[in-house]
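Numbering starts at 1 and runs along the sequence shown.
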Amino acid sequence: MYWKISGKLIISSIQAAILITTTFCTSSGPEWEQENEELISEHKLTVRELTHLPAAQIESNLEDGKVKKLSQMDNIELYPGVSARLFWGSGAMGSVLQLEPHAKIPEEELPTDRFVFVLEGTIDQQIDGSAVTLISRKREEPDGTHSGTPRTDFVYLEKGSTHAVTAGASGAKLLEVYSPLRLDYLQKAGINDLPDEVAEIENTQEPNIQPNKVYDLYDIQFTPLASGIFARLISGKSTQLSFVRMDPDSLVPAHIHPEEQISLILRGALTQSILDEEVNMAAEEIVRIPANMVHGAKIGELGTDALDIFWPVRTDYLEKEKEALAAYHEIIPKDAEVKLLVDGKESEPELYFAEGPKWMNGKVYFSNMYFDQNFNADPKKSSIVELNPNGDYRNITEGKMQTNGLYPYKNGHLLVCDMIGHRVLEMTTEGEVVKVIADRYNGKPIDGPNDIITDAEGGIYFTDPQFTMEAEKFQPGRAVYYIPPQGEITRIVEPNEFAMPNGILLSPDGKTLYINNCYDDESWFPVSSEKDNFIWAYDVNEDGTISNGHRFAKLLLPGDVLDRKAHSSSADGMAIDKAGNIYVCTYLGVQIFNQQGDYIGMINLPSFPVSLCFGDEDMKTLYIVSYSQVYKIRTNMEGFVQYL
């Protein structure tokens, strides 16, 4: 399901590709060729053919351009307790395997290259005599005490490797992709007149992952392919897997490519245009698109996740991936890893829900908020923490207030959002309250100050999403406020203009204010807005007020949010570096955008990140808090903080 943009195709440098004219079919070709040729001419498409590919020796079980339900395909017993639904094209084969508890795939020497992904359960995978465990984990909806990000382990094994599989106690569901086709599987599927061996591609590609190494699919960076369309690309020597996510209502114009494509819908739905016919496709439906067949798609209102298997490898996608990874690694080094610095369930004092970290004078300060599972707060169990870079920490105040965002202030003090106490404070690093900065607006208490920053003159911005325990709020809606260095507090966005304003940043030059929107369009949330899943940017006026609000960056959403037609990214704490790149904590991980608002990449963590800050002497380490854990990762960028 991929596309031509603005009437042009990118021509790759593959040695086997040659340009030809739009007339490529023969009288002996498939019956759809005449119609296809007319559509190529109509859409002004350029045809490419790949030479030196082996001729198809085995007829595919997927009819050209015809959608088929995976559930309607034969369920074949491969081994005792191991059944599979097989599908194949000219050079790649897929199988969805169900393994009963403790079922085994006996040791064998692989006749072809193999990818295996654990979709459900766990497996013990033997590789050339060594054992590794692969697991799958579904995303856990965050609550006040825990969360879990999804995980899909996979491994790439080369032809000739010795392997065996044993399913875990709950069984397993696997996705396998082979290239070339496995003759033994085809024999078990009852296919007759098979050749003695399957011819292989002469001109193979260098895989973009290492064989025998276990990966988590969610650690593979998204490659932007077109507007609203991103893919995690995994390439072997002769086939390529594209785990693609497509935004709701996005479009894939009519296009062609010389690689055969098998598409399996994983989530959501779309309307696939194949030749001149429109076909609706939903989860677990599959289609094979032969080389140079005209196709396109209109994505449904829930968006779509799909697996596209290309044979041979799409080198234009490799070029896109190379460009995307170069931009990401300008910010996050290739060898950088997320490291667990503190597990607040294993150390003392106990950490519950860490928030609002900021670096000052060689230490990280953050709020330790107590919530029960339903997000009921308890200031008596909450604290503010001082963390050393080596992981040692202490409470500087405890049992007095439940704070959220912090920010460095004058005289080495901290600005503190006392969220449950309805006030903004100035505090020493020993926990002494110096003064109340703000606690009322228009004669009424502010509700729940959340995140906070200062400008170069000492003016203060803070968000108030009214995330407090009172059923009735003091102010008319969720809002953002500004306190001038000398002057009265003012509200700078209309009440409920944001459904839930949360994270807030200033650009290093102080000219742009960024605000994100945490929740939106949820049946269980009292406010909906037009801000959706965007970071919004505003021009900062001379008096500190803001104007000219516009969408800056679109945050990616998880599938369960899209399934309920919501726009909740759970955008929370943000950080910015001196080059203007923005880092924002979301359901999916730490999403990174450049100063133009272009998506750059994602930092994946075991649980959903709540907030983050730059720190260390060179200000190049990101400290990321997530419930009771504190993680860190090195970057190439120097973080920006407005020290007064």
Side-chain angles (χ1 to χ4, degrees), residues 16 50 52-62 73-74 76-79 82-97 99 104-118 123 125-130 132 134 154-165 174-215 233-242 259-262 264 286 288 291 307-314:
L50 303 179
H52 304 298
L53 294 182
Q57 300 168 278
I58 301 162
E59 184 178 355
S60 173
N61 66 342
L62 299 171
M73 306 179 80
D74 293 338
I76 302 159
E77 184 178 63
L78 296 179
Y79 310 97
V82 181
S83 61
R85 300 187 190 275
L86 306 178
F87 51 90
W88 63 89
S90 302
M93 164 184 282
S95 63
V96 178
L97 276 62
L99 284 73
K104 295 180 181 293
I105 297 175
E107 185 175 85
E108 62 178 352
E109 182 178 305
L110 284 172
T112 71
D113 287 1
R114 169 186 183 253
F115 295 92
V116 61
F117 298 80
V118 181
I123 61 170
Q125 171 75 65
Q126 296 283 334
I127 306 171
D128 294 333
S130 298
V132 291
L134 282 70
F154 73 94
V155 67
Y156 168 55
L157 305 179
E158 294 181 308
K159 177 181 178 180
S161 300
T162 300
H163 93 114
V165 173
L174 309 180
L175 168 69
E176 293 182 318
V177 176
Y178 290 95
S179 184
L181 310 187
R182 279 193 67 158
L183 293 175
D184 58 334
Y185 274 19
L186 293 171
Q187 288 173 341
K188 292 181 179 184
I191 305 302
N192 299 317
D193 301 321
L194 293 171
D196 293 333
E197 61 181 11
V198 179
E200 300 189 34
I201 291 176
E202 294 180 15
N203 298 319
T204 59
Q205 296 292 323
E206 184 72 23
N208 68 351
I209 57 172
Q210 299 177 28
N212 304 347
K213 177 181 176 180
V214 176
Y215 291 85
L233 298 175
I234 302 165
S235 299
K237 293 192 289 288
S238 60
T239 192
Q240 184 179 63
L241 284 64
S242 173
E259 300 83 6
E260 182 181 64
Q261 172 182 338
I262 297 174
L264 173 64
I286 192 168
R288 182 176 65 88
L307 167 62
D308 290 336
I309 303 170
F310 293 103
W311 180 85
V313 173
R314 286 192 64 163

Closest approach of [X] and [Y], non-hydrogen atoms and distance?
{"X": "P106", "Y": "Y79", "value": "CD-CD2, 3.4 Å"}
{"X": "P312", "Y": "L50", "value": "CG-CD1, 3.6 Å"}
{"X": "G91", "Y": "L181", "value": "C-CD2, 3.8 Å"}
{"X": "S235", "Y": "N208", "value": "N-OD1, 2.8 Å"}

**OP:** Test K237 against E200 for salt bridge (charged side-chain N to carboxylate O under 4.0 Å, His left out), laying out the working first.
**Re:** CA-CA 10 Å; K237 293 192 289 288; E200 300 189 34; over 6 Å; no
How far does [atom1] of [X] sit from [atom2] of [Y], to the nearest 0.5 angstrom?
{"X": "I123", "Y": "L134", "atom1": "CD1", "atom2": "CG", "value": "5.0 Å"}
{"X": "N203", "Y": "Q205", "atom1": "CG", "atom2": "CD", "value": "8.5 Å"}
{"X": "T162", "Y": "I127", "atom1": "OG1", "atom2": "CD1", "value": "11.0 Å"}

Original post:
Run the side chain to side chain contact (heavy atoms under 4.5 Å, CB included) check on Y185 and W88 step by step: do they pass?
Top reply: CA-CA 11 Å; Y185 274 19; W88 63 89; over 6 Å; no
Please report, to 0.1 Å, the donor-acceptor pairs under 3.5 Å made by any side chain of residues 188-197, with sequence neighbours excluded.
from	atom 1	to	atom 2	distance (Å)
K188	NZ	L78	O	2.7

Original post:
Mind checking what makes salt bridge (charged side-chain N to carboxylate O under 4.0 Å, His left out) contact with E108, not counting sequence neighbours?
Top reply: R182
Original post:
Which one of L86, V96, N61 satisfies the side-chain contact (heavy atoms from CB on, under 4.5 Å) criterion with M73?
Top reply: N61
Original post:
Per the side-chain contact (heavy atoms from CB on, under 4.5 Å) rule, which among T239, L175, V155 passes with F115?
Top reply: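 For F115, the side-chain contact (heavy atoms from CB on, under 4.5 Å) check succeeds only for T239.
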Original post:
Got a sec: does the CD of E158 have more than 12 other heavy atoms crowding it under 6.0 Å?
Top reply: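 Yes - once you tally the heavy atoms of other residues, nucleotides and ligands closer than 6.0 Å, there are more than 12.
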